[in-house]
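Structure first, then comments.
Just follow the structure's listing: the first ligand is 1, and inside any ligand the first atom is 1.
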Amino acid sequence: MRAVMKMAPGPGAQVVTNAPEPELKDDEVLIKVGAAMICGTDAHLYEWSKSAQDFNPRLPLIMGHECAGTIEAMGASVKGLALGDRVSVETHLFCGHCYPCRTGNAHNCVNMGLLGLTWDGVFAEYTKVPATACFPLPESIPMDIGAMFEPAGVSVHALQRAGNVASNSVLVCGAGPVGLVVIQLAMLYGASRVVALEVNPHRLKMAEKLGAIALDPREANVPEFCRKNFPRAGGVDVAFETSGASTMLPTLLESVRREGRVVTVGHPGQAVPVDIASYINKKGITLKGVFGRRVWDTWETLLALVETKRLDLSWLITHRLPLDQFTTGIELLKKDAAKVLLHP
Ligand code: ZN
């Protein structure tokens, strides 16, 4: 079958036509991929950045983890799913038996497999996953939108971690797809004002279109801007870090008010020191992070918002390409793309 494969350590990946079709175990399903999306993580893996290497990718590997598709075959012990079911897929393949899994934190499973990193991914005609990783999609959700439930779910999780943002001022660092959906959700959840930080002018414009105050952090003193524009509180109530830039966390810690909240989503490629005494103790900031989505409450929340048309994700798809133009898709992410969809 056709697939995008990373064969060896180092930059690059290749489109092959002879990838072996997945063989099913009893608890697994075979999915005919209907739509797949390129994520920043795929670009990191393609470029072989440190943050991608930190996931210990298992090579050779079929890349990709954001997809929706149709169940084509099932292992003997699979229950609750049927042939022809349309599903989106959770990237964090959880064991269901470890302590986090048993206590409601399966997204942070001790034995986690990662689709498209340690487990063959979705940039292919077919992919296989444990049946427990499938999220059935109602007929009302098109395949291409279903393929975006994975990244958009990260944004929902970020808002869950932040707590109530109604009437709050919100700072969102990074206006990639996850940051843009965080902006949409913050507004939907009743934030009073949203400020977006982004260096890519196309993405900055998208944030502005959503109604955010758009700033290029290279051209503005962000903490000063926040203190000036939110003088009563002395900064923003909540800040989200979605860019993964290791330099931005100190800026956000400076930009939130005393007793404010910071949620980190992007994975910086290096350790970021935090002045605990100044920010966490004395300033009283609550610092939390997000890894993936919560199974399955984040997914259900997102579905409810999309199904009722409270949240529109369709505009995020800026480019549609056939699978063999994967490399073009990676290049587009550095330019004016938000989400690049791959048709297998
Ligand atoms: Zn587990």
Side-chain angles (χ1 to χ4, degrees), residues 6 22-31 33 36-37 39-42 44-45 51-59 61-69 71 73-81 85 87-122 124 126-137 146-162 178 244 263-268 287-303:
K6 178 122 193 139
E23 279 175 38
L24 287 191
K25 290 190 184 141
D26 275 358
D27 61 343
E28 294 171 344
V29 297
L30 182 72
I31 295 169
V33 178
M37 299 280 175
C39 168
T41 307
D42 303 316
H44 278 285
L45 184 61
S51 72
Q53 291 175 50
D54 284 347
F55 282 114
N56 292 319
R58 191 224 62 201
L59 306 178
L61 174 78
I62 298 176
M63 292 178 62
H65 60 273
E66 300 174 358
C67 87
I71 294 184
M74 302 195 299
S77 67
V78 173
K79 291 194 176 69
L81 293 168
D85 276 1
V87 296
S88 185
V89 177
E90 170 57 51
T91 298
H92 291 202
L93 307 174
F94 50 92
C95 76
H97 309 295
C98 71
Y99 187 86
C101 279
R102 285 186 288 108
T103 53
N105 291 309
H107 67 287
N108 222 339
C109 169
V110 174
N111 308 306
M112 193 193 309
L114 287 168
L115 197 57
L117 280 168
T118 65
W119 178 288
D120 273 332
V122 304
Y126 295 92
T127 189
K128 70 155 191 179
V129 292
T132 51
C134 291
F135 182 75
L137 293 170
M148 270 194 304
F149 269 43
E150 202 266 11
V154 173
S155 312
V156 174
H157 192 186
L159 267 290
Q160 287 176 339
R161 292 289 251 186
V178 170
V263 178
T264 64
V265 183
H267 305 304
L287 178 62
K288 289 187 182 178
V290 164
F291 187 27
R293 304 131 300 278
R294 294 186 58 81
V295 287
W296 292 97
D297 58 315
T298 306
W299 289 78
E300 294 292 348
T301 299
L302 182 62
L303 174 61

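Judged purely by atom type and a 3.5 angstrom limit, Thr127 uses its side chain to pair as donor or acceptor with the backbone of Gly121. Ser88 places a side-chain N or O within 3.5 Å of a backbone atom of Gly146 that can act as its donor or acceptor partner.
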Please test Trp299 against Glu90 for side chain to side chain donor-acceptor pair (under 3.5 Å), starting from the C-alpha separation and ending with a verdict.
CA-CA 9 Å; Trp299 289 78; Glu90 170 57 51; 2.9 Å; yes

Stepwise side-chain contact (heavy atoms from CB on, under 4.5 Å) check, Lys288 with Thr264:
CA-CA 6 Å; Lys288 289 187 182 178; Thr264 64; over 6 Å; no

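Counting only protein atoms, the N, O or S atoms lying less than 2.8 Å from the Zn ion (ligand 1) are Cys95 SG, Cys98 SG, Cys101 SG, Cys109 SG, ordered by chain and residue number.
Taking NE2 of His107 as the start and CZ of Arg293 as the end, the distance is 9.5 Å to the nearest 0.5 Å.
Salt bridge Lys128/Asp120: absent, no basic N to carboxylate O contact under 4.0 Å.
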